[in-house]
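Everything on this sheet refers to the single structure shown next.
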Amino acid sequence: MTVVVTAENGVATVTIDRPEALNALDVSTLTELRDRLGELADDASVRAVVLTGAGEKAFVAGADIKYMSGLDPEQAKGWGALGHEAGRLLETMPKPTIAAINGFALGGGCELALACDIRYASARAKLGQPEINLGIVPGWGGTQRLARICGLGAAKDLVFSGRTIDAEEALRIGLVSAIADPVLERAHETARDLAGKSPVALSLAKRLCNLTLGLDHAGGLETEANEFGDLFASEDAKEGLTAFVEKRAPNFVGR
Ligand code: CAA
């Protein structure tokens with residue numbers, strides 16, 4: 001088993017555990033990751049998901065280069081699609097996903113972090129999209145998500161050059177939200193906070209934020225206005241608003 005899932009108080013932690021390859025993802029690890037993420041997406045008892053790598057050195061050092069070196073174009077397409085399935089689950093599951101980047105996050109590792117909703121980095125983290133140096137390009141969403149998160153200029157800089165950046169630079173360009181050590185602790189702190197919020201409102205917030213990925217701006221604003229109104233039918237919205245007025249902590253029931 002190279003993907004370990006633990007859960008406590010509504011927060012699931014997914015740890016990629018393949019230290020002999022700096023947690024690089026081979027077929028069985030990536031398949032396992034995709035499958036575990038699918039289960040967590042459907043598990044209502046899980047309110048937030050944290051993704052990290054085992055050990056001190058790496059988050060994920062990328063797709064497994066040894067495996068990729070033997071792929072023909074058809075196989076490479078399947079490999080790309082599998083990475084995309086894992087990324088889309090992180091990006092769209094109806095609960096927040098947080099990357100705790102505890103070391104190298106290169107290539108596919110950086111791309112999985114980019115698919116998460118929030119990213120924190122250890123001071124020793126190194127991030128980048130080095131694919132160009134292998135004669136390929138990012139294949140698990142990096143060419144699309146990096147620009148959306150950091151802007152087109154920063155994305156082209158990193159994707160064209162393949163250079164590796166440290167945590168400070170990642171923070172400066174908005175690739176991570178904060179630098180913290182131990183980074184897993186920081187991620188858990190945020191995950192616990194988010195797990196205490198209304199899952200109804202939080203999943204809608206995520207879906208609406210994600211609309212920027214697909215819809216035109218006017219359409220996104222219109223959908224936001226409609227869904228905002230519909231949310232007032234939920235018990236959680238009534239409870240949250242009433243609790244504020246009554247100066248007490250809300251008790252969200254998830255409806
Ligand atoms: N795939 C397969 N094996 C990997 C790997 C990867 N991405 N990254 C590291 N490893 C393996 C190394 O081969 C080595 O194994 P052996 O001891 O059996 O040779 C072991 O992990 C330890 O690595 P190093 O000895 O290289 O450790 P280091 O500290 O000297 O260097 C590193 C660390 C800078 C991260 C270096 O390992 C490295 O450059 N790795 C490759 C990073 C990379 O290019 N990632 C992008 C992959 S392409 C991709 O992800 C495509 C995509 O978009 C889907």
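Remember, it's 1-based here, ligands and their atoms both numbered in the order they're listed.
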side-chain contact (heavy atoms from CB on, under 4.5 Å), paired with C116, selected from L51, I98, V49: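 With C116 as partner, side-chain contact (heavy atoms from CB on, under 4.5 Å) holds for just one option, L51.
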Which protein residues have a heavy atom closer than 4.0 Å to any atom of ligand 1, listed by chain and number?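 E20, A21, L22, A24, K57, A61, G62, A63, D64, I65, K66, M68, F104, L106, G107, G108, E111, P130, E131, L134, P138, G139, W140.
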Might you point out which heavy atoms bring S198 and A201 nearest each other, and give the distance in Å?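 Distance-wise, the nearest heavy atoms are OG-N, 3.1 Å.
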If you compare all heavy atoms of A58 against all heavy atoms of N102, which two are closest, and at what distance to 0.1 Å?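 So the minimum-distance heavy-atom pair works out to O-ND2, 3.1 Å.
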Verify whether one side chain among D17 and T15 offers a donor that lies under 3.5 Å from an acceptor in the other.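 No pair is found: no donor N or O on one side chain lies under 3.5 Å from an acceptor on the other.
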Side chains of T190 and D193: do they bring a donor and an acceptor to under 3.5 Å?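 Their side chains do not contain a donor-acceptor pair, so the 3.5 Å distance test is not met.
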H84 side, atom NE2; R34 side, atom CZ - distance, nearest 0.5 Å: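 Interatomic distance, H84 NE2 to R34 CZ, rounded to 0.5 Å: 14.0 Å.
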